[in-house]
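As structure tokens, the structure follows; a few thoughts come after it.
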Amino acid sequence: MSFLTATGIDKSYVQIKALQAFNLEVNEGEIFALVGPDGAGKTTLLRILCRLIRADRGKAYIAGLDIDRDFESIKSLLGYMPQLFSLYPDLSVEENLKFYAGIYGLTGAAFEKKRDYLYTFSNLGPFADRRAQALSGGMKQKLALSCALMHDPRLLVLDEPTTGVDPLSRHQFWEILKQLKDEGVTILVSTPYMDEVARADHAAFVLNGRKLSEGTPKELAAGFKGQIYFLDCKPSRSLVENLNKFEGLTAQRFGAGLHLYLNENDNLDDYTAYLSQLGINVDTLKPTAPGLEDRFIQLTEYGL
Amino acid sequence: MWRAYLGLIRKEFIQVFRDRNMLRMIFAMPVVQLILFGYVVNIDVKNIAVDVYNYDRGQYSREFIDAFKAGGYFVLRDAVTDRMDNPLWTLDDRFKKRESEMALIIPEDFSDRLTQYERVTVGLIADGTDANSARIGSGYAFQIVQKFSQKKTGFTLPVQVRSKILYNPEAQSVYYMIPGIVATILTMLTVMLTSMAIVREREKGTLEQLLVTPMNSITLILGKISTFAILGIIEMIFTLVLGVLWFGIPFAGSPLLLFALSFLYLLTTLGMGMFFSNISSTQQQAMFFAWFFFVFAMLTSGFFTPISNMPVWMQYVTLINPMRYFMDIVRGIMMKGSGFTDLLDNIYALVIFGLTIFSFSFLRFKKRIV
């Protein structure tokens with residue numbers, strides 16, 4: 001059952017079309033990831049859903065409520081965490097929590113109970129008296145998440161919560177999201193990291209204000225058209241450029257090596273000569289299953 | 001909603017008291033201003049340099065000069081009696097070089113005429129460059145002349161000018177300046193803090209997460225301005241206490257009335273602050289607007305220059321300055337002990353300004369935040 005539905009969302013700024021006829025459907029109790037480069041329109045979409053800006057056209061419903069008409073009721077269901085740290089740097093961890101608790105009318109024992117619960121999974125308890133400005137990036141994000149969770153929202157909207165956070169903290173943050181999902185919270189999250197998309201239930205690739213593709217992470221990756229070979233080498237710029245020059249071949253740096261993309265019906269043997277000319281032994285190429293990143297690159301760079 | 005409101009005020013106070021610079025501004029400002037206006041900007045006139053051109057050789061002129069020497073208002077450069085060595089026309093030059101600020105000219109027949117109970121005219125020339133000293137200096141001089149003639153002849157006849165300073169017989173500027181400082185500080189603090197309040201949250205991005213909470217814009221604005229109203233009143237009390245204890249200024253009227261009317265005035269300043277916050281997109285812009293307003297308000301409030309000394313068209317301009325009315329109120333209550341009915345005109349003006357500005361800004365603000 002879908003918890004959040006958005007249809008035909010348009011939003012233009014003076015020069016650019018930030019969103020064009022964007023549709024989105026998020027099921028209850030799932031983690032939905034929006035993935036795309038900076039400027040793709042992810043933040044614009046999330047801010048529209050949180051009514052921080054207005055769409056030019058289109059409708060959106062959260063828990064069956066129209067965001068244009070019933071947003072006051074939606075507020076109690078919605079927890080939002082903006083991309084930039086939005087808490088008070090000169091207040092301590094606990095003071096920030098207390099301030100947000102006050103907004104939701106939680107005081108005294110009710111607040112303490114909630115605070116202790118939030119500390120259990122954020123591990124911020126030992127830092128209760130520390131000013132927010134002195135926290136690490138990961139801890140800041142956990143604090144912002146805690147504030148957004150103060151009122152037990154049913155939908156969490158998180159805008160790039162892990163950008164600029166170290167890998168370990170990113171991992172911990174997703175563990176928390178998993179835990180929240182198990183408690184029944186629906187989560188809509190944007191991210192530039194592919195490895196995070198793999199942990200979502202559904203994801204959509206976003207570019208230039210449009211949704212390019214959508215599905216489970218597996219479905220998304222499986223949408224890759226063609227064959228992939230992994231080459232374990234030092235991927236120099238000139239090598240990648242030379243490979244891309246040859247008709248039918250495309251190459252992309254990938255971790256410690258590179259991915260070589262071939263069309264569906266091509267035969268690797270046809271390229272042996274050219275590859276060996278570049279000093280590549282065809283026998284060292286390993287066929288590889290497509291990953292999310294391969295599919296994303298194919299979509300964004302080659303429009304396939 | 002009530003809890004959210006109190007929580008917001010609590011948060012604002014924590015932030016203010018944690019911000020060292022803000023604290024310095026709040027508590028150092030009155031002290032510095034009091035010292036500056038109390039000691040440095042001393043509009044009392046003392047030690048005026050006077051050249052005495054005494055063409056009379058009699059006993060009375062010497063006593064007359066002695067009368068000027070007493071009191072410490074004048075420093076006399078006397079014995080300028082030789083017409084040829086010190087012709088009067090060098091005075092112009094001496095004024096220009098600031099060697100002298102005033103000249104007293106005693107005619108040849110001064111003693112003779114006084115002995116015969118006849119009228120005599122003494123000349124008094126003052127350097128008008130410093131209008132304040134000239135005016136006040138002449139005032140002192142007239143008083144001295146009057147007393148002298150009274151003493152010598154039993155009549156005040158020889159000089160017919162009367163000069164009297166009401167409420168502040170010693171022309172103590174501190175008594176006059178401190179109520180003015182109270183008014184300016186309250187204005188400056190509340191207008192500036194309010195103008196930066198919401199812009200700051202927007203600029204720092206803290207508004208973003210807040211706007212998705214059930215905290216509505218009315219609570220947000222009211223929580224902020226309540227904080228600044230409280231801070232403003234604390235600041236005012238602090239300034240008053242300093243003024244009374246340190247400078248020993250009198251407080252003639254009712255403190256309660258002063259506080260009640262200060263709250264009335266806050267409607268205007270908080271309204272102006274909200275207006276500036278509304279039309280600015282950065283703290284810097286807001287600060288600039290607030291500062292511009294403050295300078296205009298201060299200069300046309302009669303803080304330094306009495307409004308009656310301004311050109312007529314400027315006197316009309318001062319009517320649109322809300323601080324002018326509050327200045328009258330503070331000075332009235334503190335110096336003259338004015339009561340509610342004495343101040344009615346000013347109170348009407350503040351009610352009109354307050355309600356108009358506050359409601360206009362409040363409604364505009366509400367719209368913009370959502």
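Everything quoted here is computed from the prediction, not taken from an experiment. Per chain, numbering begins at 1; letters A, B, ... match sequence-line order.
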- Message: Aromatic contact between B:Tyr5 and B:Trp2, with the criterion being ring centroids under 6.0 Å apart: yes or no?
- Response: yes

If you tally heavy-atom pairs under 4.5 Å between each of B:Glu208, B:Arg3, B:Arg10 and chain A, the highest tally belongs to B:Glu208

In terms of heavy-atom contacts, B:Phe276 and B:Phe289 come closest through CD2-CB, 3.5 Å

> Regarding B:Arg364 and the six-membered ring of B:Phe275, is the cationic atom NZ or CZ under 6.0 Å from the ring centre and inside 45° of its axis?
Replying inline: no

Q. Would A:Glu95 and A:Tyr88 count as a side-chain hydrogen bond (donor to acceptor under 3.5 Å, both in side chains) if you check the C-alpha gap in whole Å, the side-chain angles of each, and the deciding distance to 0.1 Å?
A. CA-CA 9 Å; A:Glu95 284 162 348; A:Tyr88 300 95; over 6 Å; no

Heaviest contributor of heavy-atom pairs below 4.5 Å to chain B, chosen from A:Cys147, A:Cys50, A:Gly105, is A:Gly105

Cut-off 4.5 Å, heavy atoms of chain A, and the answer for B:Leu210 is both

When the 4.5 angstrom heavy-atom criterion is applied to A:Tyr100 and chain B, the contacting part is side chain

Report yes if some heavy atom in the side chain of A:Leu156 is under 4.5 Å from a heavy atom in the side chain of A:Leu188; otherwise report no. no

Counting heavy-atom pairs under 4.5 angstrom with chain B, the leader among A:Leu84, A:Thr107, A:Val157, A:Leu106 is A:Thr107

**Request:** Might you confirm whether atom NZ of A:Lys59 has over 12 heavy atoms from other residues, nucleotides or ligands at distances under 6.0 Å?
**Result:** yes

Turns out that what part of A:Ala101 lies under 4.5 Å from chain B's heavy atoms comes down to neither

Whatever's closer than 4.5 Å to a heavy atom in chain B on A:Leu91 counts as both

The interface call for A:Phe99 against chain B, heavy-atom contacts under 4.5 Å, is side chain

